[in-house]
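Worksheet: one structure, shown below.
We use all heavy atoms of the structure for the numbers below, so side chains are in, but hydrogens, waters and symmetry mates are not. A note on names: the letters A, B, ... follow the listed sequences, proteins ahead of strands, and every chain is numbered from 1. Small disclaimer: the values here were computed from a predicted structure and weren't measured.
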Amino acid sequence: MNKDLYIFNSLTSKKELFKSIIPNQVSLYVCGPTVYSSSHMGHARSAIVFDSIVRFLKYIGLKTKYVRNFTDIDDKIIARANEEGRKPEEISEKYKLEYIQDMKSLGCNDPDHQPSVSENIPEIINLIKDIIEKKFGYESNGDVYFNVQKFKEYGKLSNQSIDSILSNTRLEINPNKNYELDFALWKEAKPNEPYWESPWGNGRPGWHIECSAMSRKYLGENFDIHGGGRDLIFPHHENEIAQSECISGKKFANYWIHNGLININKEKMSKSIGNIVNIKEGLKVWDKNIFRILFLTHHYRTPVDLSNKKLAEVGKSLLNLKKKLEINESSSSNFKELWVSAMLDDFNTAKALGYYFKFINDGKLSNKSTVELEEFEETMGISGWRNDISNPTDKNPINKEEIEELIIERNKARSEKDWVKADKLRERAEELGIKLLDNDEGTIWE
RNA sequence: GGCGGUGUAGCCAAGCGGUAAGGCGAUGGUCUGCAAAACCAUUAUACCCCGGUUCGAAUCCGGGCACCGCCUCCA
């Protein structure tokens, strides 16, 4: 089997043969959440995409080191804390724990490291010192800024020149900055804001520096893959590159993977529109495998439209699939070869899942191929649904006694050939979300 | 305005130079009191439009049109 892995690299906008820095090892850094509110479907998709990528890398025998950070120092956290009359660290701690729990509920494995900004202040201060020393940063009234013009490759990830960014960006006039596009590495604390001591006075890190500091700490100056949502390309990832490469003189991340965003009922999901769907609410109604499969039947770079209709369709497809699970020893297939080759081609989970559906629907499961099926499910993180007797499309508790009574009553009507009454009782069952199926052994429901 | 993306059946979605995966839905048949389920069969001569390259294009190139994202905090 061909084992070459191709990855679409956002840095070059090309699909490239993946070559790791250290043979058979992959280092991966993914931008995690800012923990100031409950995690939402955007976090879910990103986590699921990278979870399946890491699982696959492991499956093909690579040793992975996966780091995902928490941004736990941030203006929004401070604002939220003020609103609720609590300490910022109480807010961030609460949502950090929630995030970890939500990702578990979605069947995502923990990254190897989940560092927080607050635990890496010395590393951040040292990095800023280095940047200043190399004249890529400057202090100004207690703030420290990055000198964008000095970094000649600024704009290479988002494919823009400094001039075009400048002419297309509206920035607040900040008298502390030497140049409009310069961004903060360190911000002086205002009264009543949390702060850390630094050579430039009391303050806190800027938004982008944390990822440069933490990726360097855990993965080194040059690592294999950096991931995150598409929306982070500019300015966040662009700034990370500038901060990191100006110090090391080395390429920061070799490959950049950006996942597509979520729409809700065909409308952009965003804080300003206010249509954020949070994970806990979603999981109350739909099984985690339904979210996983919905996301993974789309290529990771395309947008996904989330709606109850789509989720119900996935649920229905699993329900249909469950009816095809009989073992037929005489059959054989090349399922494994097919799905692995799909994944080797820029993690094409949609194509791989297509093979999976076909494989099961063709009714060609043997005991041997069931093992292949389990390997695939493990890689996609969609284990368990085949043996789960509950209906994945309906997580509402069902009153069994009520249904049994209804069936008895209906069967009585049927034996009396009172079809009108029988049909009415079936309609009532449907109102309860139950389908009554008559077969040779009697009436069953689902 | 700058940068980027997308346009494939009723809906969703793979495919990215060799003759249209998969899912939902729909239709016909068998079965059934009628249904459902199950089983069998059908469901894009066609990939936004117009040119071009090629033996061959949904796939490459040029030009349109439409929609979307980033450029402000966001995964």
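- Using a 4.0 Å heavy-atom criterion, one finds that Lys15(A) contacts no nucleic acid atom at all.
- Looking at the side chain of His298(A), the nearest of the listed nucleotides rA75(B), rA13(B), rA37(B) is rA13(B).
- Rounded to a whole angstrom, the distance from the P atom of rC50(B) to that of rA36(B) is 42 Å.
- Listed pair Ser167(A) / rG1(B) fails the phosphate criterion, with no side-chain N or O lying under 4.0 Å from OP1 or OP2.
- For the C1' atoms, the distance linking rU32(B) with rA37(B) amounts to 11 Å, nearest Å.
- For the pair Lys266(A) and rC12(B), the criterion of a side-chain N or O lying under 4.0 Å from OP1 or OP2 is met.
- Contact between the side-chain N/O atoms of Ser270(A) and the OP1/OP2 oxygens of rA75(B) is not found at any separation under 4.0 Å.
- Across the P atoms, rG7(B) and rA14(B) are found 8 Å apart, a figure rounded to whole Å.
- Nucleic acid contact for Leu232(A): sugar-phosphate only, since backbone atoms but no base atoms lie under 4.0 Å from a heavy atom of the residue.
- Following rounding to the nearest Å, Leu261(A) (CG) and rC73(B) (P) show an atom-to-atom distance of 16 Å.
- Note on Gly229(A): only backbone sugar-phosphate atoms sit closer than 4.0 angstrom, heavy atoms only; bases stay farther off.
- Atom CZ in Phe295(A) sits about 17 Å away from atom P in rC12(B), given to the nearest Å.
- With a 3.5 Å ceiling on both atom-pair distances, the Watson-Crick or G-U wobble partner of rG1(B) is rC71(B).
- Nucleotides of RNA chain B nearest to Asn159(A) and Lys268(A) differ in position, and the one nearer the 5' end is that of Asn159(A).
- Residues satisfying the ring pair (Phe, Tyr, Trp, His ring centres under 6.0 Å) criterion with Tyr154(A), sequence neighbours excluded, are absent altogether.
- Heavy atoms of Ile262(A) sit under 4.0 angstrom from at least one base atom.
- Computed from coordinates, the His237(A) NE2 to rG69(B) P distance equals 19 Å when rounded to whole Å.
- Comparing atom distances between the Thr34(A) side chain and each of rA37(B), rA75(B), rG15(B) picks out rA75(B) as nearest.
- A donor atom on one side chain and an acceptor atom on the other are not found under 3.5 Å apart for Tyr66(A) and Asn109(A).
- By the salt bridge (charged side-chain N to carboxylate O under 4.0 Å, His left out) test, Glu119(A) is found to be paired with no residue, residues two or more places apart in sequence or in another chain being considered.
- Here, rC11(B) and rC48(B) have their P atoms 14 Å apart, quoted to the whole Å.
- Nucleotide rG17(B) is matched to nothing when pairs are restricted to Watson-Crick or G-U wobble geometry with both distances under 3.5 angstrom.
- A straight line from CG of Asp305(A) to P of rU6(B) spans 17 Å, rounded to a whole angstrom.
- Residue Asp75(A) is classed as having no contact, given no heavy-atom separation below 4.0 Å to the nucleic acid.
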Which atom pairs, one a donor and one an acceptor, fall under 3.5 Å between side chains of residues 351-363 of chain A and the rest of the protein, sequence neighbours left out?
| residue | atom | partner | partner atom | Å |
| --- | --- | --- | --- | --- |
| Tyr356(A) | OH | Glu377(A) | OE2 | 2.5 |
| Tyr356(A) | OH | Trp385(A) | NE1 | 3.0 |
| Lys358(A) | NZ | Asp362(A) | OD2 | 3.4 |
| Asn361(A) | ND2 | Phe357(A) | O | 3.4 |

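- Residues Arg204(A) and Asp75(A) are paired through a salt bridge, judged by an N-O separation under 4.0 Å between the basic side chain and the carboxylate.
- Listed nucleotides: rC39(B), rC73(B), rA75(B). Nearest to the side chain of Lys76(A): rC73(B).
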For nucleotides 19-26 of chain B, read 5' to 3', which letter fits each nucleotide if B means a protein heavy atom sits under 4.0 Å from the base, S means only the sugar-phosphate is that close, and - means neither?
--BSBSS-
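- The distance between atom CD1 of Ile264(A) and atom C1' of rC68(B), rounded to the nearest whole Å, is 16 Å.
- Residue contacts for Arg230(A): at a heavy-atom cut-off of 4.0 Å it reaches the sugar-phosphate backbone alone, with no base atom in range.
- The nearest heavy atom of RNA chain B to His40(A) and to Ser13(A) marks one nucleotide each, and the one closer to the 5' end goes with Ser13(A).
- Tested against Phe183(A) for a ring-ring contact (aromatic ring centres under 6.0 Å, His included), the candidates Phe146(A), Phe151(A), Phe234(A) yield a single pass: Phe146(A).
- rG64(B) and rC40(B): their C1' atoms are spaced 47 Å apart (whole Å).
- Nucleic acid contact class of Gly32(A) (heavy atoms, under 4.0 Å, all strands): sugar-phosphate only.
- rU6(B) and rA66(B) make up a base pair, with Watson-Crick or G-U wobble contacts both under 3.5 Å.
- Between Asp231(A) atom CG and rC3(B) atom C1' there is a gap of 15 Å when expressed in whole angstrom units.
- Shown here, rC34(B) forms no base pair; nothing in the strands shown gives a Watson-Crick or G-U wobble contact with both key distances under 3.5 Å.
- Spacing of C1' atoms, rC49(B) relative to rC67(B), comes out at 15 Å, to the nearest Å.
- Nucleotides rG10(B) and rG2(B) place their P atoms 36 Å apart, quoted to the nearest Å.
- The distance from atom CD1 of Ile78(A) to atom P of rC73(B) is 15 Å, rounded to the nearest whole Å.
- The side chain of Phe234(A) lies closest to rC71(B), out of rC11(B), rG33(B), rC71(B).
- Atom P of nucleotide rA75(B) and atom CG of Leu106(A) are separated by 15 Å, given to the nearest angstrom.
- Residues Tyr29(A) and Asn69(A) have side chains that bring a donor and an acceptor to within less than 3.5 angstrom of each other.
- For rC60(B), the paired base is rG52(B) (Watson-Crick or G-U wobble, both distances below 3.5 Å).
- Comparing the same atom, C1', in rG15(B) and in rA20(B) gives a spacing of 8 Å after rounding to whole Å.
- Among residue pairs with one or both ends in residues 100-121 of chain A, those qualifying as ring pair (Phe, Tyr, Trp, His ring centres under 6.0 Å) are His113(A)-Tyr218(A); sequence neighbours excluded.
- The residue Arg410(A) sits close to a base: some heavy atom pair falls under 4.0 Å.
- The list of salt bridge (charged side-chain N to carboxylate O under 4.0 Å, His left out) pairs with a residue in residues 225-243 of chain A, not counting sequence neighbours, is empty.
- Under the Watson-Crick or G-U wobble criterion, with both distances below 3.5 Å, rA41(B) is paired with rU27(B).
- Residue-level contact check: Met269(A) touches the bases, meaning some heavy atom is under 4.0 Å from a base atom.
- Using a 4.0 Å cut-off between charged side-chain N and carboxylate O, Lys65(A) and Asp224(A) make no salt bridge.
- Contacts of Ser39(A) with the nucleic acid, taken as non-hydrogen atoms under 4.0 Å apart, are absent.
- A salt bridge between Lys309(A) and Glu313(A) is present, with a side-chain N of the basic residue lying under 4.0 Å from a carboxylate O of the acidic one.
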